[in-house]
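First comes the structure, then the notes that go with it.
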Amino acid sequence: MARYLLPSTTTAASSFPRNARASPAPILAPRALASRSKHARAIMAVASDQPAAPSKYPKMAAPTTGPVPADELLGVIQAAAKAGAEVVMEAVNKPRNIQYKGVADLVTDTDKLSESVILEVVTKNFKDHLILGEEGGLIGDSLSEYLWCIDPLDGTTNFAHGYPSFSVSIGVLFRGKPAAATVVEFCGGPMCWNTRTISASSGKGAYCNGQKIHVSPTEKVEQSLLVTGFGYEHDDAWLTNINLFKEFTDVSRGVRRLGSAAADMSHVGLGITEAYWEYRLKPWDMAAGVLIVEEAGGVVTRMDGGEFTVFDRSVLVSNGTVHDQLLERIQPATEDLKKKGIDFSMWFKPDNYPTDF
């Protein structure tokens, strides 16, 4: 198995040509894309140096990356995410077996191999850190102030069908709060797969392929493009979100369901969409994306409007300026679920893991 060394840069782009482990493809400067309609707003996928919107909501990110300098921590995260993404890129163009088991095996094998190479990078650099992986569970020192939340392949159904988007997501918590993050999103589709790397560290902003990004300035839900997600369990929470989907479809420019929480939140940070919400995600689904949104100038809360941690069971991220408008519908619906006995307490926090909340 190949070994990966700590890179010297903290905002380096990662882009892998199809069926190759060659050098990263050149990064093209982003362009503003505008609809031909005179009523449509121009969308700038990457904006820079815009002031953050004032917010009444508390920051959920760690105030510091702790004793590990931000550049060092983010460098290891990026190296680890790149290693995992190379595994996924090698697998994404393999022929799909028409039998379900063949596809399931491809997903499982890719998940596990991606996580194994990520763990190799992490443990080589930080032997005493605690790690929570979607595949491997909890390993390491439970008394560590650092907790790595790893999703080696977020959006497995999309991956199985060759449908964008899916991603490799790594977020690191310091004393329970997001401190640094990287999401490698797979874009394009069959015969034209590529990646973009979105990264953030506490207090230092968010970047896509090395260029600073910012949430959109849109101030009205009516002018917003929204995103949500649905779990596999079709219960009251699922039905509530179906109804929210309908309500926001009526009052916004549209609601999308893409299938990768890490990529969905990254799109809010990029200014492509204005908000994303979902019930019952896990820490590895959220740890990277929420930091990217906040460092890009956005806002993160629970769906009942409360202060968010990555161990919670609901999340709402937005550009900040439409957050109150979204909560007008989302908060009452979530409170109704709580009255019905739906458990929205913290999903999981490792025993003995020290936190600042």
For Asp324 and Tyr57, does a side-chain donor sit closer than 3.5 Å to a side-chain acceptor? yes
So Trp347 and Trp284, would you call those rings parallel, tilted or perpendicular, with 30° and 60° as cut-offs? perpendicular
What is the ring orientation for Trp148 with His129, classed by angle as parallel under 30°, tilted 30 to 60°, or perpendicular over 60°? tilted
Is any side-chain heavy atom of Ser224 closer than 4.5 Å to a side-chain heavy atom of Val322?
yes
Problem set entry | Salt bridge present between Glu115 and Lys112 (N-O < 4.0 angstrom) | no
If you draw a 6.0 Å radius around NZ in Lys282, do more than 12 non-hydrogen atoms from other residues or ligands fall strictly inside? yes
Parallel, tilted or perpendicular: which one describes the rings of Phe311 and Tyr353, with boundaries at 30° and 60°? perpendicular
| said: Pair Thr108, Asp111 - check side chain to side chain donor-acceptor pair (under 3.5 Å), show working. | reply: CA-CA 5 Å; Thr108 300; Asp111 255 333; over 6 Å; no
Flag side-chain contact, heavy atom, 4.5 Å: Leu225 against Glu274:
yes
*asked:* Does Lys338, at its NZ atom, have more than 12 non-hydrogen atoms belonging to other residues, nucleotides or ligands within less than 6.0 Å?
replied: yes
In Phe230, Phe248, Phe245, the residue satisfying ring pair (Phe, Tyr, Trp, His ring centres under 6.0 Å) with Trp277 is Phe248
| field | Lys/Arg N to Asp/Glu carboxylate O, Asp356 vs Lys177, below 4.0 Å | value | no
**Prompt:** Is the number of heavy atoms from other residues, nucleotides or ligands under 6.0 Å of Glu219 CD greater than 12?
**Reply:** no
Are Ile77 and Ser199 close enough that some pair of their side-chain heavy atoms sits under 4.5 Å apart? no
field: Ser260/Asp154 under side chain to side chain donor-acceptor pair (under 3.5 Å): CA gap, chis, key distance, verdict
entry: CA-CA 5 Å; Ser260 167; Asp154 184 31; 3.0 Å; yes
| Audit row: Thr273, Arg256, side-chain contact (heavy atoms from CB on, under 4.5 Å) steps and yes/no | CA-CA 10 Å; Thr273 59; Arg256 304 290 183 258; over 6 Å; no
Notebook entry, point to check: Is there side-chain contact between Thr355 and Thr309, with heavy atoms separated by less than 4.5 Å?
Noted result: no
Open item on the list: Looking at Asp71 and Lys204, is any side-chain nitrogen of the basic one under 4.0 Å from a carboxylate oxygen of the acidic one?
Closed with: no
Point to revise | Lys/Arg N to Asp/Glu carboxylate O, Arg280 vs Asp235, below 4.0 Å | key: yes
Quiz item: Is there a side-chain contact between Phe126 and Glu72 (heavy atoms, below 4.5 Å)?
Solution: yes
Consider only side-chain N and O atoms of Gln78 and Thr197, and report whether a donor and an acceptor are under 3.5 Å apart.
no
Check your understanding: With a 4.5 Å limit on heavy-atom distance, are the side chains of Ser167 and Val184 in contact?
Key -> no
Hits for side chain to side chain contact (heavy atoms under 4.5 Å, CB included) against Pro354, two or more places apart or cross-chain, chain-then-number order -> Glu145, Arg175
Passes side-chain contact (heavy atoms from CB on, under 4.5 Å), Phe344 versus Asp304? Steps please. CA-CA 10 Å; Phe344 284 114; Asp304 63 4; over 6 Å; no
